[in-house]
Amino acid sequence: MSEPVDVRFGRPLSDPPLRPDEKLDVEALLKDLEHYRPRRKGWTWRTPVPGQRMYEFTYHETSEPLTRFVPLPAAHYFDNIDPQPDCVITTEIASGRPEDDVRRMRMAAWHGADHIMVIRTAGQSHMDGLLEGTPEGVGGIAITRKQLRFTRRALDLIEDEVGRPIDFHSYVSGVAGPEMAVLFAEEGVNGAHQDPQYNVLYRNINMYRSFVDAAEAKHVMAAAGMLQIDGAHNANATAVKAWKVMPELLVQHAINCAYSQAAGIPKQRIALSTVPPDAAPAPCMRMDLPYALALRDLFGDYKMRAQQNTRYMESDGRDATVSHVMNLMISRLTSADIQSTITPDEGRNVPWHYNNVAAVDTAKQALVGMDGLREMVRVDRESAELKARVRELKERAVLFLEAMLRDGGYFSAVEQAYFVDSGEYPETHDDGIARKSDGGVAAGTVVERADDYMAPVCHHFGENHLPQGYRGAEFGEASPCDLIGKCTLCDDAKVPYIDELDPVDNAAVRLAETAELRHKGLIKPEVEWAGDGVVAVTMFLPAGEAVAEAAALELGRAMNLTDREVIHKRVMHPAEGTLIELKGRLDVAIDPTTLTIPLPPETLSDEEIRDFVHAHQVRCVAATVGNDEHSVGMREIIDIKHGGLEKWGFSVTYLGTSVPVEKVLDAAIEHAASVVLISTIITHAEVHREMMEKLSSLAEEKGVRDKLLLISGGTQVTDELARAWGMDAGFGRKAKGVDVASFIVKEMRRRGL
């Protein structure tokens, strides 16, 4: 017998309100999801409260307070008040497991996050259909109907607990973009990234297919009242010199805004994803503020989603936080409707849940601390330097647009590599991203509609040939779906629901593994997943960098930590000491003379490398493997402009991202290569190990293992691990092209290749 359902919100009546002293009952929330329907759809903004009084203070730019919250550390000096900024605050969740995501969301909401963005798994952009179940994500989470429904159900309870609506967000991108938009509309997703240029430039999806899909997706999003955020900021992360792409960013925003409006999204639900392109030690405020002003001058009718810069993040959380605060100052001096946050450990590619909270607190603290700043400190728009630079950026953007139109429009400009060029337009370096209009993923799949085409569903974009009287309420006529007895967007009862499909990789199995912890109330350290047992230990060691790192690993052994790894190190002085952060799964003194300190790798001279490469015509095949779509690290190792292998004459065939291991090896054989380079940034579920072992095994099977040097790289890769998993060498964070080139030459000499 079906469980009774609350007619107001569509959720099972058995969902009790959350109690602050009790953990979220994840198992209960996963049950009976077929009965759950979202209580609301569409985007919700914060409610401003001008002149709000708290304690002894009056605030000018705050919103309605939370009913339950965790205040900032210094709040106990001020009666534990927790003023909330006027703008929405985003936290980005990327644990890869929905059952752990919702717990992280609850913590973030108590600290002030009311926009929950779940990072989609790498590779899903290239899938041409929807997924089912809740498999563990790789580099993010697999967006499925169950994942969305479970998450939205949890957020309903969390927003009741904190007393404020919470917007849920994901990504309408990739080949299945329109299907994702419909799924999101059905399941109560409140906002999403949607930008056809993102598909074209960064996912190599055919440009015609991308823009046709975007028109359909945007129309559905508009009908569901969703907020759309564009993806123009990705040029910052991709460009060699991010500060050079500012004119292009203005153009990308303009294209997406115009296209979104044409598809039916109103201006108030279009948000520009704006990121200051620089970071200190560059004079970033002086460089980024004119760009922020130019952006708001040109696009003042739209919403601004301000995000911190991640282009220059490394392992230092302090450094990332300072950059975040400077970016927040720009938001306060100009405007931001949404303040997106990135975890300060983003540069480690392992965003831990307490760092989600840290980023939210940073935004809250900075914005509230600068409350009313613009009333006392104003940007001097008449300053000669500022005025000239703002005008210059606008002029460069206009020149970019004019040239693009002259050269045949957007598609032609992409073919000519207009975008993400390292020159500040009109200066160009001819190193932008180029795509072919007849190439890319899903090329040739746009089919002209038949003259009698008809789709009797609501919110459908384009020529639909509906019978007279069935265009919908906006035209004073019946809904198109009346012809078929309603569609899923008009009748929730028609929305299908499918539970887990994978009997092994699913939330229930993972929850069973940690059941004892929950049922017996046991406490185990964690940073990413329930019961993962991970701890981070920060220590200062009075020694130089190399000695301190080796000593920290030995101290971790004395603490009985397994899987020990130094995830951050910062030199205080070359001789006096180093700060170490040690990750792992006691009054101890370490004698540094007992440690084995690895010597830095010896690199060969440019001349020696070049002579060998030219004499032996060394060929390499390179790719980012599996479902991994990161390419920056590999580019730095192979591209001549980054001081990569091409600098010494290596012939490198780069296969791109998300490449199957089999294809990499086949290409190496086809090109008679001596070297195979693979990049494996993503490490969820030991994917990097699996890729390395698979490559080595396949090379053995094909009888070419002794003819090839197999080299792996990535932020979590070490030489020791790579060799243990079948590679000839591994190169991790901070590896340079000269390191790889020197190894190749020395090893080929040793083997007589």
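Heavy atoms only: backbone and side chains are in, while hydrogens, waters and symmetry mates are out.
In this structure, R610 does not pair ionically with E607, as no charged nitrogen and carboxylate oxygen lie closer than 4.0 Å. Using a cutoff of 4.0 Å between basic side-chain nitrogens and carboxylate oxygens, K694 and E690 are not scored as salt-bridged. Comment: R510 engages D505 in a salt bridge, judged by a side-chain N to carboxylate O separation of less than 4.0 angstrom. Remark: D728 engages R751 in a salt bridge, criterion side-chain N to carboxylate O under 4.0 Å.
The minimum heavy-atom distance between H233 and S273, with the atom names listed, is ND1-OG, 2.7 Å. The shortest non-hydrogen separation linking A548 to L541 is O-CD1, 3.3 Å. Y312 and A279 get closest at one heavy-atom pair: CD1-CB, 3.5 Å. Summarising the geometry of W352 relative to D345, their closest heavy-atom pair is N-OD2, 3.0 Å, with the distance given to 0.1 Å. Taking both residues in full, the closest heavy atoms of V245 and D421 are given as CG1-O, 3.9 Å, listed atom of the first, atom of the second, then distance. For S422 against H429, the heavy-atom pair with the smallest separation is OG-ND1, 2.9 Å.
In this structure a side-chain-to-backbone donor-acceptor pair under 3.5 Å is missing from K647 to G737. The backbone N or O of Q252 lies less than 3.5 Å from a partner atom in the side chain of Q197, making a donor-acceptor pair. In this structure, T310 contributes its side chain and M313 its backbone to no donor-acceptor pair below 3.5 Å. Not a single donor-acceptor pair under 3.5 Å links the side chain of R635 to the backbone N or O of I638. Judged by distance alone, with hydrogens and angles left aside, the side-chain atoms of E248 form a donor-acceptor pair with the main-chain N or O of V420 at under 3.5 Å. N327 contributes no side-chain N or O that, together with a main-chain N or O of Q307, makes up a donor-acceptor pair within less than 3.5 Å. Proximity of a side-chain donor or acceptor of S605 to a complementary backbone N or O of E608 within less than 3.5 Å is detected. Looking only at distances, a side-chain donor or acceptor of R120 sits under 3.5 Å from a matching main-chain atom of S173. Within the 3.5 Å criterion, the main-chain N or O of P276 finds a donor-acceptor partner in the side chain of N309.
Side-chain contact between I342 and E92 is present, with heavy atoms from C-beta onward closer than 4.5 Å. Proximity of T624 to I681: side-chain heavy atoms (C-beta onward) are nowhere separated by under 4.5 Å. Side-chain contact check for V687 versus T680: every heavy-atom pair is 4.5 Å or farther apart. V717 is listed as a side-chain neighbour of M692, based on a closest heavy-atom distance under 4.5 Å. The shortest distance between side-chain heavy atoms of T362 and T341 does not fall below 4.5 Å.
Ring pair Y171/H193 is parallel by interplanar angle, where below 30° counts as parallel and above 60° as perpendicular. Between Y202 and Y198, the ring-plane angle classifies as tilted under the 30° and 60° cut-offs.
Taking the ring pair (Phe, Tyr, Trp, His ring centres under 6.0 Å) definition, one finds that H324 meets it with nothing, sequence neighbours left out.
If you run side chain to side chain contact (heavy atoms under 4.5 Å, CB included) between L645 and each of V618, V613, V652, V675, only V652 comes through. For the salt bridge (Lys or Arg N to Asp or Glu O under 4.0 Å) with K569, the qualifying choice from E581, E314, E545 is E545, the only one to do so.
Counted by atom type alone, S210 and R203 present zero donor-acceptor pairs between their side chains at under 3.5 Å.
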